[in-house]
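Down below is the structure, laid out as C-alpha cells.
Just so it is clear, the structure is predicted and the values come from calculations on it, not from any experiment. So that the names make sense, note that chain A is the first sequence line, chain B the second, and so on, each numbered from 1.
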Amino acid sequence: MKNPCDMKIILGMSGGVDSSVAALLLKRQGFDVTGVFMDNWEESDGEGVCTAAEDREDVRRVCDKIGIPYYTVNFAREYRERVFSYFLAEYAAGRTPNPDVLCNCEIKFKAFLDLAMAVGADFMATGHYARLDLDKSQNRVRLLRARDANKDQTYFLAGLTQAQLERAMFPVGTLEKGEIRKIAGEANLSTALKKDSTGICFIGERNFKRFLMQYLPAQPGDMVTLEGRAVGRHDGLMYYTIGQRRGLKIGGIREGSGESWFVVGKDIKRNLLIVQQGEREELFSLGLYANKINFIAGDPPEKSFACTAKFRYRQADSPVRVTVCGGGIAVDFDRPERAVTPGQWVVLYRGEECLGGGPIDETRPLKKIVLTGV
RNA sequence: UGGGGUGUCGCCAAGCGGCUAAGGCCCCGGAUUUUGAUUCCGGUAUCCGCAGGUUCGAAUCCUGCCACCCCAG
C-alpha cells in the first residue's frame with residue numbers, strides 16, 4: 001500500500017457542495033488530489049441559464065481554498081455521441097430514458113476514468129452518495145447504499161462494472177447531507193449553501209419540453225380515454241411519461257369522477273396519448289422484462305432470486321422476484337407497482353447492496369390497455 | 001319567433017331569498033428531486049348570460065332581451 005501522499009486521485013467536481021466536500025476530505029486524508037470540472041454540454045441556444053460557467057468558477061474557488069490544482073475537461077462530443085443520441089432515440093421511440101445512468105457508465109466512469117488513468121491517477125473520485133466495500137473473500141467490490149438513505153444515488157450507478165468501481169472512490173457516501181453542509185461551512189467553502197442541483201446532469205435545469213422540441217419536432221395528436229373519447233390534445237407523445245398528471249390540461253368533464261387525469265399509455269402508431277381519470281388498474285403492473293442487465297458483481301447471484309427493486313430514482317424499494325434469462329431478467333412484483341415505465345431503469349438491491357440494473361423494456365400490466373372506439 | 005330546457009371561475013359543478021358565492025379538475029407559485037414524472041403545501045370568481053324590477057336583503061323571485069340545447073315542424 002502506498003502512502004496517501006503518493007496516491008494520485010482525480011476528483012470529478014460539479015461545483016456543488018458534495019464534490020467540494022469530497023475534495024476537502026480527500027485532501028485532509030493526505031491524498032494527492034486534483035479537481036476536474038467536466039464541461040459536457042455546449043449551449044446551442046442562448047436560452048438556458050448558463051450555469052456551467054458559474055459552476056466552473058465555484059470549482060476554481062473551492063480548489064484554491066483547499067489548495068489543490070484543478071482543470072477543466074470537455075467531453076461534449078462523447079456526451080453527445082454516447083448519451084444524448086441514445087436519449088433522443090429513446091424519446092423518439094416513445095420511451096422515457098434515464099440519461100444520467102448512462103452518463104455515469106459512458107462519461108464519468110469511462111471517458112473521465114480513462115483520462116484519470118492516462119494521467120497516472122490511482123483512483124478517480126466523485127461526490128456521489130454511495131459507498132464501496134471490498135469483499136476480500138470473493139475479491140470483488142460491492143456497491144452499497146449511501147449512509148444518508150434520503151440522498152442515496154446508487155440508482156444512477158447501477159450500470160457500473162467491477163473494472164470501473166475498482167478504481168472509484170465516493171468520499172461523501174458515509175456522511176449525511178447535513179454533515180456535508182456543516183463541513184463545507186466550517187471550511188468556508190463558497191459552495192456551502194449552494195442549492196442542490198436538479199435536472200438532467202449537464203443539460204441542467206431548464207424548460208425540458210422546449211428543450212426537447214429543439215431536437216424532436218412536435219407531432220400533436222389526441223388524448224383519448226380507454227373508450228376512445230377524445231378529451232384533449234397533446235403536443236407530441238415524447239413529451240409525456242407514464243403516470244404523468246401535470247401538463248395534460250384536462251379539466252372536468254361531464255359524467256367525470258372529478259379526479260385528476262393520468263397518462264397510462266401511448267399508441268405510437270396512431271399518435272394517441274392514452275389517459276385515464278383517477279389511478280386505476282391500467283396504471284399498475286405486475287412485472288417487467290429488462291433485456292440488458294448489468295450485474296455489478298459480474299454475474300447474477302443465482303438463476304432466480306428474491307430481492308428488492310426500484311423502478312425510478314428515489315422510489316421506496318419494492319420486494320420482487322428475479323429470474324435471469326439470457327442477458328436479461330424477468331421481474332415479478334410482490335405487489336402491483338404504479339407507472340413502471342419502459343426506458344427507466346430497474347435497479348436491484350439486496351439489503352444495503354446494489355446488485356445492478358438495466359433499462360426496462362416491457363411491463364406486464366395488471367390490466368391490459370385495450371383501446372375501444374378509436 | 002310552436003313547445004320544453006339550460007346559462008355560476010379555463011373545465012365540471014354546489015347553491016333554490018339572508019354569514020365575506022362549496023368542492024373537484026386544469027392552471028399558477030413553492031417544497032421535495034442530478035430523469036421538469038409522482039407526491040406534498042399554498043394561490044386563484046366583490047361576482048353568478050345581459051338589462052331592469054320586487055325586497056331590509058337576490059346567483060337564488062318577476063319582466064324583457066341574448067346565447068346554446070332538445071322535441072315538434
Look at the side chain of Q153(A) and the base of U34(B), then say whether one donor and one acceptor between them are separated by less than 3.5 Å. no

Only residue of E166(A), E353(A), E352(A) satisfying salt bridge (Lys or Arg N to Asp or Glu O under 4.0 Å) with R142(A) is E353(A)

Among C25(B), U38(B), U35(B), which nucleotide has an atom closest to any side-chain atom of R312(A)? U35(B)

Distance check, P atoms only: G73(B) and C68(B), in whole angstrom units. 23 Å

Would you please indicate if the ring centroids of F156(A) and Y313(A) are separated by under 6.0 Å? yes

Less than 4.0 angstrom between a side-chain N/O of Y313(A) and OP1 or OP2 of U34(B), yes or no? yes

Please classify the nucleic acid contact of R338(A) as base, sugar-phosphate, or nothing, using heavy-atom distances under 4.0 Å. sugar-phosphate

Closest nucleotide of RNA chain B for K249(A) versus for G252(A): which of these residues is on the 5' side? G252(A)

Considering only atom P, compute the distance from C71(B) to C40(B) and round it to an integer number of Å. 44 Å

Specify the separation, in whole Å, of atom CD of Q244(A) and atom P of A37(B). 7 Å

Could you tell me the separation between the NZ atom of K194(A) and the P atom of U33(B), rounded to a whole number of Å? 16 Å

Is there a Watson-Crick or G-U wobble partner for U35(B) with both distances under 3.5 Å, and if so, which one is it? none

Starting from P on U35(B), measure out to NZ on K310(A) and report it in whole angstrom. 14 Å

Distance only, no hydrogens: is a donor on one side chain within 3.5 Å (strictly under) of an acceptor on the other, for Y349(A) and T154(A)? yes

Does the structure show a Watson-Crick or G-U wobble partner for A51(B), both distances under 3.5 Å? Name it, or say none. U63(B)

Separation of atom CG in L248(A) from atom P in C28(B), rounded to whole Å: 12 Å

Side chain of T241(A) only, heavy atoms from C-beta on: which candidate in U33(B), A37(B), C26(B) is closest? A37(B)

Base, sugar-phosphate alone, or nothing: which one does E259(A) contact when heavy atoms must sit under 4.0 Å apart? sugar-phosphate

Quick check: are there more than 12 heavy atoms from other residues, nucleotides or ligands sitting under 6.0 Å from CZ of R147(A)? yes

Can you check the L212(A) CG to U35(B) C1' distance for me, whole Å? 11 Å

Between G23(B) and C41(B) - P atom distance, rounded Å: 15 Å

With respect to the side chain of N104(A), which nucleotide from U35(B), U33(B), U34(B) is positioned closest? U34(B)

Aromatic contact between Y129(A) and Y155(A), with the criterion being ring centroids under 6.0 Å apart: yes or no? no

Whole-angstrom distance between A13(B) and U35(B), as gauged at atom C1': 37 Å

Taking atom P of U34(B) as reference, at what distance in whole Å does atom CD1 of I180(A) sit? 13 Å

Let me confirm one number: the OG1-CG distance from T341(A) to N98(A), rounded to the nearest 0.5 Å. 11.0 Å

So, does R254(A) get its side chain near the phosphate of A13(B), meaning an N or O under 4.0 Å from OP1 or OP2? yes

Reckon G343(A) touches a base, only the sugar-phosphate, or nothing at all at heavy-atom distances under 4.0 Å? nothing

Does a donor on one side chain sit under 3.5 Å from an acceptor on the other, for T72(A) and R60(A)? no

One should read off an interatomic distance between L132(A) CG and F123(A) CZ, to the nearest 0.5 angstrom, of 9.5 Å

Both distances under 3.5 Å, Watson-Crick or G-U wobble: report the partner of G2(B), or none. C71(B)

Between G3(B) and C16(B), how far apart are the P atoms? Round to whole Å, please. 30 Å

What integer distance in Å separates R246(A):CZ from G30(B):P? 11 Å

Quantified in whole Å, what is the C1' atom distance between nucleotide C11(B) and nucleotide G7(B)? 15 Å

Taking any heavy-atom pair under 4.0 Å as a contact, classify G256(A): base, sugar-phosphate, or nothing. nothing

Within this structure, what is the CG-to-P distance between N150(A) and U33(B), rounded to whole angstrom? 6 Å

For F311(A) and for S260(A), locate the closest nucleotide of RNA chain B by heavy-atom distance; then report the residue assigned to the nucleotide nearer the 5' terminus. S260(A)

Under 3.5 Å donor-acceptor pair, K108(A) side-chain atoms to U34(B) base atoms: yes

Partner lookup for G29(B), please. Criteria are Watson-Crick or G-U wobble with both distances under 3.5 angstrom; report none if nothing qualifies. C41(B)

Ignoring backbone atoms, establish whether K151(A) has a side-chain N or O less than 4.0 Å from OP1 or OP2 of U34(B). yes

Could you tell me how far U20(B) sits from A59(B) if I compare only their P atoms? Round to whole Å. 11 Å

Does a side-chain N or O of S257(A) approach OP1 or OP2 of G24(B) to a distance below 4.0 Å, or not? no

With rounding to the closest Å, how many angstrom separate the C1' atoms on C56(B) and C27(B)? 41 Å

Taking OP1 and OP2 of C26(B), is either one under 4.0 Å from a side-chain nitrogen or oxygen of R245(A)? yes

